[in-house]
Structures are given as C-alpha cells and as structure tokens.
Amino acid sequence: MRKFILESQIIMSSGNFNLRKWKSNFHSVVPNGDTSTDENVSVLGLVWHSDTDTLSCKVEQTVTLEKPITKKLILAISHQSFDPIGFTTPIILIAKFILLYYRIVLDTARSKLGTFIQNRVREIRSLTSPTVLRRVPGSLNDADLVSRGCSGEQLLQEKWWEEPSWLSENEESWPKSKDDPDEDLDSSEKRKTIVNNLTKSYENVDWYYKYFSYVRKIVRMLAWIFRFYNKLIKSASDSSETLSVSELEKAEISLMLLIQKKSFKDVNDDKIKKLIPIIDCNDLIRAKTNNSNRDNTNDFKFPIILPSDHTVVKLLIINDHNNLLHASTFMLMSHLREKYRIIKTRRTIRNCIRKCVKCQRFKAKKCEVSKDRVHDAATFEIVGVDLAGPLYL
C-alpha cells in the first residue's frame, strides 16, 4: 500500500495533481503528513468508520414540536441524507410517499398503461419468455421494501440487498403463480385519461397578443387577418406577398382600438379625464395637448391615450427600449410621447425596463476578485477530486 501511494503521487505530480489526505484502516501505510486521529471520515456524504470498516448516513434531528409539519419540511428531511449507494432507500421512501399523497398527477397518452409501467413491461418481454414468468407474493419479495418503504429495524432484519431465501431452494418449493389475475390491480396500473369539456367563448378578446412578444409582429398578424377577411367578402383583389403601408396603418389603428376598448369605458372614463380626451375619425381616444396649434404630425399634437397595465403597452415599451439601444427612462419617455400618452408614463416605463437583463447586468456592482483566482497557475493546479476506494492490491 505504501508503494502504491508513493508511485501514484509521483505519477500524478508530473501533471500538477497533488494527491493528499489519504485515509486507510492501516495507519502505518499512510504518509506522515496525512495522518489523522479521527476514526470517522466523510466520504461523498456518507460517514466511513475506519475502525469497523462500515458506512453510515448522518441525519440531523431538525424536527421539533414547536415547528409545524409542512410539505416543505418533509421534502427537506427526505433529501437531507446523501446516499449514492442506496442502502437507506426504503426508509427515505416513506417520506416521499407522504409527499406523493399531495401530488396526484393524471396523464393522458396513447396507451392504456402509464409510460413507466409500459417501458418496464416492454423491457421484461424482450428479455424473457411468458412461459418462465412467475408472480412472487409481496410477503416473500424483499425487493418490495424499496417500493413500499419500511422502518430501520425491519431494514436490518430483511436485508433487501441480498437474494430471497427461497431462491436458493429447489424450483419445486418456489412460490406458485395464481391463474386468476387481479382485475383491480391491473386497473390501477392503467393510465388515467382526462376528458376536457371544451366550450366556445366569444367574450375572449385577448387572443391578439398571446402569440407574439413584439408589437410589430402583432400588427402584421392583424394586417394579414384583415386581408384574408377582405378576400372572403371579395372587397379586395390584392395578391401581393407583402403588406402595404396602408394595411399596416389600419392594423395598428385596430390594435389601439382593441386596447382602449378593453381598458376604458368611453371618453368620459375617470382614468383619462385629466388628459382632456377627444375622439378622432377612427374612434381612437386621443389627448389634447398644448401643441395642438404646432405645425407637426397629428400623432404628436394629439397622442393616443393608452393604459399602463395592458400587455401590449408593456411590449411596446420593451420593444422601443431595445430598439433605442436600451435607452434610459427619460429618453424612452420622450420618444413614446411623440405618438402615445401612457397613463403614469414614468412609473410604467421604469417598471418595464427594470426587468431588462442586459441593463441590470451593466448596472451591477463590480466585485473585486481574490488573488487566488487571478494569479498565474498551471493547468488543473487548483482542482480538487475525491477518490473513494476500496483499492485492491
């Protein structure tokens, strides 16, 4: 063992791998620099008792009568112990069954059996023949402990990781299979089917903004719908592959009308009284500003009034924010007011651009990186790797 340690250290040191912190049952073979008096060693979440050469799981007592028992607490306890080998699976399974009681999921699929059961049955049929299959009662099947759960005392008595006792006997003494299948058990393994009762609703007016996250695409979608409708009633003969400017302008006006009809009652709505609203020739509600006598566009003199909580309005703000290279609140507000008058403009814009990932990334505080992370070092010099035995020599 000592020779193995020395040779492995020499070989790995040539690649700048420093093997250290050795632990063995024989303290005489461990290098002097790695000696430790602790008999309990943590190995991948398990505790290795070097004096008895056994493994155990360390579970802290976190449940008290003062704390209420919640699903979150049960979930934390069931995942508290790290057991990669799986010795404690039957015990931990009881806590997971409690959570499963609160999480009943019904799936729909093409097959009557569930996906998990169907895959297992297909695998069994491909590896065996139906003539050699036998049913083992649960009382004689030690593997059922993994699927049903048990206490710690029962786990030590049954030793589910070993083969059943009847398997070492003659084939005549093996459990006999029943000829009559259990219909209730078979029905429980079938996949449940959810039947949805679909009813038409003509009051759903939110369909137009649920397909795209860009206002430009929403406008183009409405323009294509209008062209299709005009062709059905034979009022238009345009067969070009591109949309015209007039079609896009009509679709944008229709989009603004849909937003206003959902958000405002009429021109006398209390939300927009202070903005001195007026109605234009397209039935759009616009705000009368002090620039009404200025020689400028109609949108600048009479901007379209929009709510602050509508999804399309938020998309409009985010799209313009990205198009203006992540403009600030005041710049974006000045740009939008050339055509729109959004209620609570500054607060709405600020809440929208606050969610911009790129802006938050540049506004984040720069932290100073420690010297150990920036100094020149050889490849894999600062890398830790755990190697758990056993080593057979």
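These numbers were taken from a predicted model, which means no experiment stands behind them.
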> Find out whether Lys271 and Pro307 are in side-chain contact, i.e. whether some heavy atom of one side chain is under 4.5 Å from a heavy atom of the other.
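The answer is no, as the side chains (C-beta and beyond) never meet within the 4.5 Å cut-off.
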> Donor-acceptor pair, distance only, cut-off 3.5 Å: does the side chain of Asn322 make one with the backbone of Ile318?
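Yes.
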> Nearest 0.5 Å, what's the CD1-OG1 distance between Ile353 and Thr329?
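Spacing of CD1 (Ile353) from OG1 (Thr329) equals 3.0 Å.
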> Tell me the side-chain hydrogen bond (donor to acceptor under 3.5 Å, both in side chains) pairs involving residues 287-296, sequence neighbours left out?
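Qualifying pairs, neighbours excluded: none.
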> Under the salt bridge (Lys or Arg N to Asp or Glu O under 4.0 Å) rule, collect the residues that match up with Asp280, sequence neighbours excluded.
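Only Arg286 meet the salt bridge (Lys or Arg N to Asp or Glu O under 4.0 Å) criterion with Asp280.
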> Return the CZ to CZ distance between Phe302 and Arg341, rounded to the nearest 0.5 Å.
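Rounded to the nearest 0.5 Å, the CZ-CZ separation comes to 13.5 Å.
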> Would you please name every residue forming a side chain to side chain contact (heavy atoms under 4.5 Å, CB included) with Asp53, sequence neighbours left out?
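Here the qualifying residues are Asn25, Trp48.
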> Tyr211 and Val312: same hydrophobic cluster, using ILVMFWY side-chain contacts below 4.5 Å?
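Yes: a chain of side-chain contacts under 4.5 Å links Tyr211 to Val312.
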> Suppose the criterion is side-chain hydrogen bond (donor to acceptor under 3.5 Å, both in side chains): which pairs have a residue in residues 248-259, not counting sequence neighbours?
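For residues 248-259: Glu252-Lys339, Glu252-Tyr340.
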> Within this structure, what is the CG-CD1 distance for the pair Leu258 and Ile253, rounded to the nearest 0.5 Å?
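CD1 of Ile253 is found 12.5 Å from CG of Leu258.
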> Same cluster or not: are Tyr214 and Ile317 linked, directly or through other Ile, Leu, Val, Met, Phe, Trp or Tyr residues, by side-chain heavy atoms under 4.5 angstrom apart?
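No: no chain of side-chain contacts under 4.5 Å links Tyr214 to Ile317.
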> Does a side-chain heavy-atom distance below 4.5 Å link Asp320 with Asn323?
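When only atoms from C-beta onward are counted, Asn323 and Asp320 do touch, with a gap below 4.5 Å.
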> Could you see if Ile10 belongs to whatever hydrophobic cluster contains Leu19? Use Ile, Leu, Val, Met, Phe, Trp, Tyr and a side-chain cutoff under 4.5 Å.
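As far as the 4.5 Å side-chain criterion goes, Leu19 and Ile10 are not connected within one cluster.
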> So, using side chain to side chain contact (heavy atoms under 4.5 Å, CB included) as the criterion, who are the partners of Thr297 when residues are at least two apart?
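For Thr297, the residues satisfying side chain to side chain contact (heavy atoms under 4.5 Å, CB included) (neighbours in sequence not counted) are Asp299, Phe300.
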> Could you check whether any side-chain heavy atom of Leu306 comes within less than 4.5 Å of a side-chain heavy atom of Leu316, counting everything from C-beta outward?
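The answer is yes, as the side chains (C-beta and beyond) meet within the 4.5 Å cut-off.
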> Just by distance, do the side chain of Gln360 and the backbone of Arg354 share a donor-acceptor pair under 3.5 Å?
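Yes.
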> Indicate, with yes or no, if Val219 and Trp207 share a hydrophobic cluster defined by side-chain heavy-atom contacts under 4.5 Å among Ile, Leu, Val, Met, Phe, Trp and Tyr.
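Both belong to a single hydrophobic cluster.
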> Looking at side-chain heavy atoms only, is the closest gap between Ile218 and Leu255 below 4.5 Å?
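Touching, per the 4.5 Å side-chain cut-off.
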> Are the side chains of Leu284 and Leu257 in contact, using a 4.5 Å heavy-atom criterion?
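Yes; the side chains approach each other to less than 4.5 Å.
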> Take atom CZ of Phe212 as the centre, draw a 6.0 Å sphere, and report whether it contains more than 12 heavy atoms from other residues, nucleotides or ligands.
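Counting other residues, nucleotides and ligands, CZ of Phe212 exceeds 12 neighbours.
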> State, with a plain yes or no, whether a side-chain heavy atom of Phe330 is found less than 4.5 Å away from one of Arg346.
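Sidechains of Arg346 and Phe330: in contact.
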> Which Ile, Leu, Val, Met, Phe, Trp or Tyr residues join Ile343 in one cluster when any pair of side-chain heavy atoms under 4.5 Å counts as a link?
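Via sub-4.5 Å side-chain contacts, Ile343 links to Phe264, Ile272, Leu275, Ile285, Ile305.
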> Identify, with sequence neighbours excluded, every residue that meets side chain to side chain contact (heavy atoms under 4.5 Å, CB included) alongside Arg216.
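Arg216 satisfies side chain to side chain contact (heavy atoms under 4.5 Å, CB included) with Arg220 only.
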> Please tell me whether Met333 and Leu324 are part of a single hydrophobic cluster in this structure, the criterion being side-chain heavy atoms less than 4.5 Å apart.
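Yes, one cluster joins them.
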> Using the test salt bridge (Lys or Arg N to Asp or Glu O under 4.0 Å), find all partners of Lys358 that sit at least two apart in sequence or belong to another chain.
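Lys358 satisfies salt bridge (Lys or Arg N to Asp or Glu O under 4.0 Å) with no other residue.
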> Strictly distance-based, threshold 3.5 Å: is any side-chain N or O of Asn319 a donor or acceptor partner for the main-chain N or O of Val215?
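A pair under 3.5 Å: yes.
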> List in chain and number order the residues that pass ring pair (Phe, Tyr, Trp, His ring centres under 6.0 Å) with His326, two or more places apart in sequence or in another chain; answer none if no residue qualifies.
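Partners of His326 under the ring pair (Phe, Tyr, Trp, His ring centres under 6.0 Å) test: His321.
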> With sequence neighbours excluded, tell me which residues meet side chain to side chain contact (heavy atoms under 4.5 Å, CB included) with Ala378.
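With sequence neighbours excluded, Ala378 shows a side chain to side chain contact (heavy atoms under 4.5 Å, CB included) to Asn16, Glu381, given in chain and number order.
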> Taking Ile5's backbone N and O only, do any of them form a donor-acceptor pair with Ser8's side chain (distance below 3.5 Å, no angle check)?
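Indeed, once roles are kept as given, a pair shorter than 3.5 Å links the two residues.
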> Taking only residues two or more places apart in sequence or in another chain, which ones pass side-chain hydrogen bond (donor to acceptor under 3.5 Å, both in side chains) with Glu169?
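In terms of side-chain hydrogen bond (donor to acceptor under 3.5 Å, both in side chains), with neighbours along the sequence ignored, Glu169 is linked to Ser173.
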> Find the distance between CH2 (Trp224) and CG (Leu248) and round it off to the nearest 0.5 Å.
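Between Trp224 CH2 and Leu248 CG, I get 9.5 Å after rounding to 0.5 Å.
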> For Met331, does its backbone N or O pair with a side-chain atom of Ser334 as donor and acceptor, under 3.5 Å?
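No; judged by distance alone, with no hydrogens or angles, the pair does not exist.
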> If you look only at pairs with a residue in residues 305-315, which of them pass as a side-chain hydrogen bond (donor to acceptor under 3.5 Å, both in side chains), with sequence neighbours excluded?
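Passing the test, one end in residues 305-315: Tyr208-His310.
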> Over all heavy atoms of both residues, which pair between Arg337 and Pro303 is shortest? Give the atoms and the distance, please.
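Taking every non-hydrogen atom into account, O-CB, 4.4 Å.
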> To the nearest 0.5 Å, what is the distance between CG on Asn18 and CD on Gln9?
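That separation rounds to 7.5 Å.
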